[in-house]
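To start, the structure itself, in structure tokens.
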Amino acid sequence: MLKPSKDIVLKISNLSSWYGKVQILHEVDMHVKKGELVSIIGPNGAGKSTILKNIFGIIKKRKGNIKFLKKEIITMQPEELAKIGIAIVPQGRSVFPSLTVEENLVIGAYTRSDNIKKDLEYVYDKFPVLKERRNQPAKLLSGGEQQMVSMGRSLMVKPKLLLLDEPTLGLSPSMKKLIFDKIIELNKSGLTILMVEQNARMSLKLSDRAYVLELGRNRYVGKGKTLLKDKRIQHLYLGGVA
Amino acid sequence: MSIAAQLIANGLIAGSIYALVALGYTMVYGILKFINFAHGEIFMMGAYIGWTLHVLWGVPLLIAFPVAMICCGAFGYFLEKIAYKPLRNAPVWAPLITAIGVSIFLQSLAILIYGAQVKTFRTGEVAQGLHILGAIITPIQLTIIIVSTVLMVLLWLFVKKTKIGKAMRAVADNREVASTIGINVNKVISVVFVIGSALAAAGGILVGMEQNLTPTMGVSVGIKAFTATIVGGIGSIPGAVLGGLAIGLIENIGIWFIPSGYKDAIAFIILLLMLIFKPTGILGRKKEEDVRG
């Protein structure tokens, strides 16, 4: 696999986080190198999505460091992060339902002032179905198509780091495969991705590295394929033999 | 002149005012899920500022009108920052009670400054009415229809075509996701308050030109515009316009059938029926589309 760089794009150290009085994350450490596809797996309630929400400053009660390209971002507001090149595909139906498909995509480039035509074509090229439906309100699209809109919109940010929060949740098997294929494509074209996935087997297969989280703590870390073969992980998260 | 044509004309005139005021309710609700019950008083303030500039100080109406809109827009900006923003994460009733407080405060302030007696824009003779399609419409009434239509078209273009207008719709759809793509939600909320308040002020002066000014003039228009918002579908901009015109028309055509003393009751009856049978309004969003979190 071609993974040219050792530059660290994202470095999370000693991150703790709370929902009200309940502590969700306990001193979590994590990093993502340039060009990597890294996933976070773990059972429900392990705090996987909480990590992404922390990177995006959606959760305010937290402690620790989150550095993006050596810059501390833990104090930044969500709306400042798009500008420095972090995009997120939030969990669930995260399109703007009353905006058309094209408006959804164009608004992804909200913080940019350069020409976005090429990027729009790039997104339509990746997801041709969106071009066909570009003038329809996004609420009329199927769940999978909405997920494509959401991914396309995040690409319009022109991100240096893409965060995916359960990108295949609630999608049909064929749509899951399509979305996973696109994720690989994007990663191969050089995009650095940090992904949270419920589907542990699939994401371990695809990822360069993975972090296994349990009850808000780092449990295991390693190469995706190594973890996939690890007996303890098979037992805990993969439901038997892989 | 035919009675039907006249009632329809009256309905459209009243309806365009309700629509202007309803737009403020619906835009604020769309984004904050909160009814700004002080909105009717901003309408009243617009009328009084316009009156002060034009009648008291002799400023030409063409200048007094936009200046009053700008003043109320600025007031809306500070109202949100001072009274509502600190309550953004409070229980829903907290900003609601605050809004009622602001509304009482502004009414009292108007009484304090201007006194409780009626003020009027009219100085000279009542103008000769124009005969249009069987109805008699005064030049002022014609102005009401034209100016409010122009303002609504401008708003529509703003929301559809401009970057900040699109951001407004995105924030109304999903505030959290909007912030992740770099939309400054606080800025959008401010813009909504400024525009909504400026439109209410425009409505206030237009009504003030035709009728009289009283410190409580915002109450009944506020309630009817609120009804219009519900009828049209709260959160929907075309819904507010449609609802406003509908309330204006029903109210005015209604007095053909029932004594005109009941005119004000009609809006309440419609509000009740709507809340019972179709709470989402004509163009309102279905509940499932409402955004989580």
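Below, chain A is the first sequence line, B the second, and so on; all start at residue 1. Treat the numbers as computed from the prediction; the structure is a model and nothing was measured.
Note that CG of A:D165 is 11.0 Å distant from OG1 of B:T180, once rounded to the nearest 0.5 Å. We find the OH-CD1 distance between A:Y110 and B:I181 to be 9.0 Å, quoted to the nearest 0.5 Å.
For CZ of B:F34, the number of neighbouring non-hydrogen atoms (other residues, nucleotides, ligands) closer than 6.0 Å is greater than 12. The environment of NZ in B:K278 is crowded: more than 12 heavy-atom neighbours from other residues, nucleotides or ligands sit within 6.0 Å. Residue B:F268 places its CZ atom among 12 or fewer non-hydrogen atoms of other residues, nucleotides or ligands, all under 6.0 Å distant. By the neighbour-count criterion of 12 heavy atoms within 6.0 Å, atom NZ of A:K117 is sparsely surrounded, having that number or fewer from other residues, nucleotides or ligands. Within 6.0 Å of atom NZ in A:K182, more than 12 heavy atoms from other residues, nucleotides or ligands are found, so the atom counts as buried in its surroundings.
Proximity of a side-chain donor or acceptor of A:K83 to a complementary backbone N or O of B:G182 within less than 3.5 Å is not detected.
Side chains of A:E79 and B:K187 form no contact here, defined as non-hydrogen atoms less than 4.5 Å apart. A:I107 is not listed as a side-chain neighbour of B:R169, based on a closest heavy-atom distance of 4.5 Å or more.
Contacts between A:I58 and chain B at a heavy-atom distance below 4.5 Å involve the side chain alone, from C-beta outward. For A:E80, no part sits under 4.5 Å from any heavy atom of chain B, backbone or side chain.
Of all non-hydrogen atoms in B:K163 and A:R112, the two that sit nearest each other are NZ-O, 3.7 Å.
Proximity to chain B among residues 45-53 of chain A is not found for any residue, judged by heavy-atom separations below 4.5 angstrom.
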